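Please read the structure below before turning to the comments.
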Amino acid sequence: APGTDPGVLRRRATDALLRARARTRLLTGCVDDRDLTAQHSPLMSPLVWDLAHIGNQEEQWLLRAVGGHEALRPELDPLYDAFQHPRAARPALPLLRPAEARAYVADVRGRVLDVLDAVPFEGRPLVESGFAFGMIAQHEQQHDETMLITHQLRRGAAALGAPEPPPAAPDAGALPSEVLVEGGPFTMGTSAEPWALDNERPAHHRFVPSFFIDTLPVSNGAYLRFVEDGGYGDARWWHPEGWRQVRAHKLVAPLFWRRSGSRWLRRRFGTVEPVPPDEPVLHVSWYEAAAYAAWAGRRLPTEAEWEKAARHDPVSGRSLRYPWGDADPAPEHANLGQRHLRPAPVGAYPEGASPLGVRQLIGDVWEWTASDFLPYPGFRAFPYREYSEVFFGSAHKVLRGGSFAVDPVACRGTFRNWDLPVRRQIFAGFRTARDAEPA
Ligand code: AVJ
Ligand code: FE
């Protein structure tokens, strides 16, 4: 179970904030000021906007709300309010220059560490168990993932490097293609995880009918068979809006793929390489994922199915924090934290398997689910409606499991991400499922 000792939580909060900042510095320190202020894609903010937004959110929550401080730079709030300016409009704002943004976030952080040393971790819901610090560490890490997406969209020479992920386990080729999850109730969501965000709460029972789910994420090699079978030219497989997207944008393959003679190449962080057949497919929209599943005679898993496959232990009947159990993620469990700049091959991380043997549910690629982003029964917005509540509804689809670009602080069996079904630049892939025949 998650540690609730105040000393442990205070240490964990400090570590989480420092780790997030080291990553932010890496992502904003490896390119020049021109690259930091440029708009690399209309889908993204300039990197320097994310940087100052990270500091501004930290100032609002940890200095003002938790620490009771006066605003340091009240005039910055509207500039870095994500709801006031769409991403495409942000380059035209009078943003802090890179040096000013760095000084601002460092100033905020220095004061935050003093607040963190002094504030009691009990008595106020916002600070209970260090929640606000964990929330802000997660916020910074989420923007770090966003900045890594901007790096992927950026043209030009590679700015980032990382070692290769581990290979597939020796047994990968012998695994069953799918796993049966027996029908029955399980506990979805959490009321116990101290830094779980509002949309993961509360824990509640769900009945999930029997289903089969892929043991592994769908690979590039499998997806390529759909491409080569004419999948992008056959309306039968597509949601009407997905088919409209295919035709409007002349889509023929995942984002960043390019055909060269008989081969497929892909651009990745400033380099070009042949598409690796054993890697989970990446940079597909929800529509592409759903079309592949239809072509394969299958479907996307619902969010409840995904979480049951990831957390339900049929022996104890309990929901685990992670597929492998309750231990915090370690490097042998999952490809998380931008330790690598790509997903590991399908069949890697045998130590991260679920009780039923489903692999790579956590890390590698975000997994599209069939489900709309909706509140759980008993949901309460906390601490602000604009994190989750304003996004509930049928416009956004849920993604689960986290990618190689997600830090462990922002990843667990209950963690929920969401995006528009047209989005392809995010680090998203998928696995498929099917109903089990009634017994
Ligand atoms: C949960 C990833 C969809 O980036 O839009 C960052 C996270 N919320 N700042 C996003 C978030 C506010 C959010 N996602
Ligand atoms: Fe944000």
Side-chain angles (χ1 to χ4, degrees), residues 16-17 20-21 23-24 27-28 41-62 65 76-88 90 93 95 101 104-105 108 132 134-153 195-201 285-286 303 336 338 365-369 371-375 379 381-393 395-407 409-412 414-428:
L17 288 172
R21 188 51 48 87
R23 185 175 175 199
T24 301
L27 289 162
T28 56
S41 158
L43 295 171
M44 309 306 287
S45 314
L47 293 165
V48 76
W49 186 92
D50 287 281
L51 176 62
H53 167 81
I54 286 168
N56 185 248
Q57 284 288 114
E58 183 166 326
E59 189 199 336
Q60 291 192 42
W61 287 102
L62 299 184
L76 297 183
D77 293 1
L79 282 178
Y80 296 103
D81 178 345
F83 290 88
Q84 288 198 30
H85 315 283
R87 283 176 172 180
R90 293 174 191 169
L93 299 172
L95 301 177
Y104 170 61
V105 302
V108 171
M135 176 185 82
I136 287 298
Q138 291 177 73
H139 179 260
E140 183 162 350
Q141 289 285 0
Q142 288 182 313
H143 278 274
D144 288 346
E145 179 170 18
T146 299
M147 289 196 282
L148 192 64
I149 294 167
T150 306
H151 275 273
Q152 166 64 26
L153 286 160
W195 294 354
L197 303 176
D198 58 2
N199 63 55
E200 300 165 73
R201 302 171 184 271
S285 68
W286 182 90
E303 183 181 18
L336 290 169
Q338 201 186 308
V365 294
W366 284 108
E367 299 184 19
W368 286 113
T369 72
S371 301
D372 294 342
F373 183 48
L374 295 173
F379 169 85
F382 180 78
Y384 63 114
R385 286 188 67 245
E386 291 75 16
Y387 181 73
S388 309
E389 191 174 4
V390 300
F391 296 103
F392 289 142
H396 295 93
K397 298 293 183 189
V398 173
L399 298 123
R400 288 302 204 99
S403 72
F404 65 91
V406 169
D407 186 82
V409 78
C411 191
R412 48 198 162 261
T414 57
F415 193 94
R416 308 174 75 194
N417 193 7
W418 65 92
D419 216 323
L420 299 172
V422 295
R423 289 290 181 241
R424 315 170 84 207
Q425 80 276 13
I426 56 176
F427 299 117

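As the structure is a computational prediction, the values presented were derived from the model and not from experiment. Atom set for the values below is all heavy atoms of this structure, side chains included, hydrogens, waters and symmetry mates excluded. We count ligands from 1, going down the list as the structure has it; atoms in each ligand are counted the same way. All residue numbers in this chain count up from 1 along the given sequence.
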Report yes if His143 has an N/O atom closer than 3.5 Å to an N/O atom of ligand 1; otherwise report no. yes
For the Fe ion (ligand 2), which protein N/O/S atoms fall under 2.8 Å? Skip waters. His53 NE2, His139 NE2, His143 NE2
With no hydrogens and no angle check, just 3.5 Å: does a side-chain donor-acceptor pair link Asp198 and Tyr384? no
Which atoms of ligand 1 are found less than 4.0 Å from any heavy atom of Tyr387? 1 (C), 8 (N)
Hey, what do you get for CG (Leu17) to CG (Leu62), rounding to the nearest 0.5 Å? 6.5 Å
Just to confirm, does any protein heavy atom lie below 4.0 Å from atom 5 (O) of ligand 1? no
Scan the protein's non-hydrogen atoms and note whether one is under 4.0 Å from atom 11 (C) of ligand 1. yes
Nearest heavy-atom neighbours spanning Asn199 and Ser388: ND2-OG, 3.0 Å
If the test is ring pair (Phe, Tyr, Trp, His ring centres under 6.0 Å), which one of Phe373, Phe379, Trp418, Phe83 qualifies with Tyr387? Trp418
For Ser371 and Glu303 the tightest heavy-atom approach is OG-N, 2.8 Å
Note: ligand 1 atoms sitting under 4.0 Å from heavy atoms of Gln142 are 1 (C), 7 (C), 11 (C)
Quick check on contacts: which atoms of ligand 1 are under 4.0 angstrom from a heavy atom of His139? 6 (C), 9 (N), 12 (C)
Please check if a non-hydrogen protein atom sits closer than 4.0 Å to atom 2 (C) of ligand 1. yes
Run the numbers for me: atoms of ligand 1, each under 4.0 Å from some heavy atom of Asn417, listed by number. 1 (C), 2 (C), 3 (C), 14 (N)
Ignoring hydrogens and geometry, is there a side-chain-to-backbone donor-acceptor pair from Arg416 to Glu200 under 3.5 Å? no
Counting N and O atoms only, with roles assigned by atom type, does the side chain of Arg412 sit under 3.5 Å from a partner on the main chain of Val409, one being a donor and the other an acceptor? yes
Between Arg21 and Glu140, is a salt bridge (charged side-chain N to carboxylate O under 4.0 Å, His left out) present by the stated rule, with each step listed? CA-CA 8 Å; Arg21 188 51 48 87; Glu140 183 162 350; 2.8 Å; yes
Mind checking the NE2-CG spacing from His143 to Leu51? Nearest 0.5 Å is all I need. 11.5 Å
Measure the CG-CD distance between Asp77 and Gln84 for me, rounded to the nearest 0.5 Å. 9.0 Å
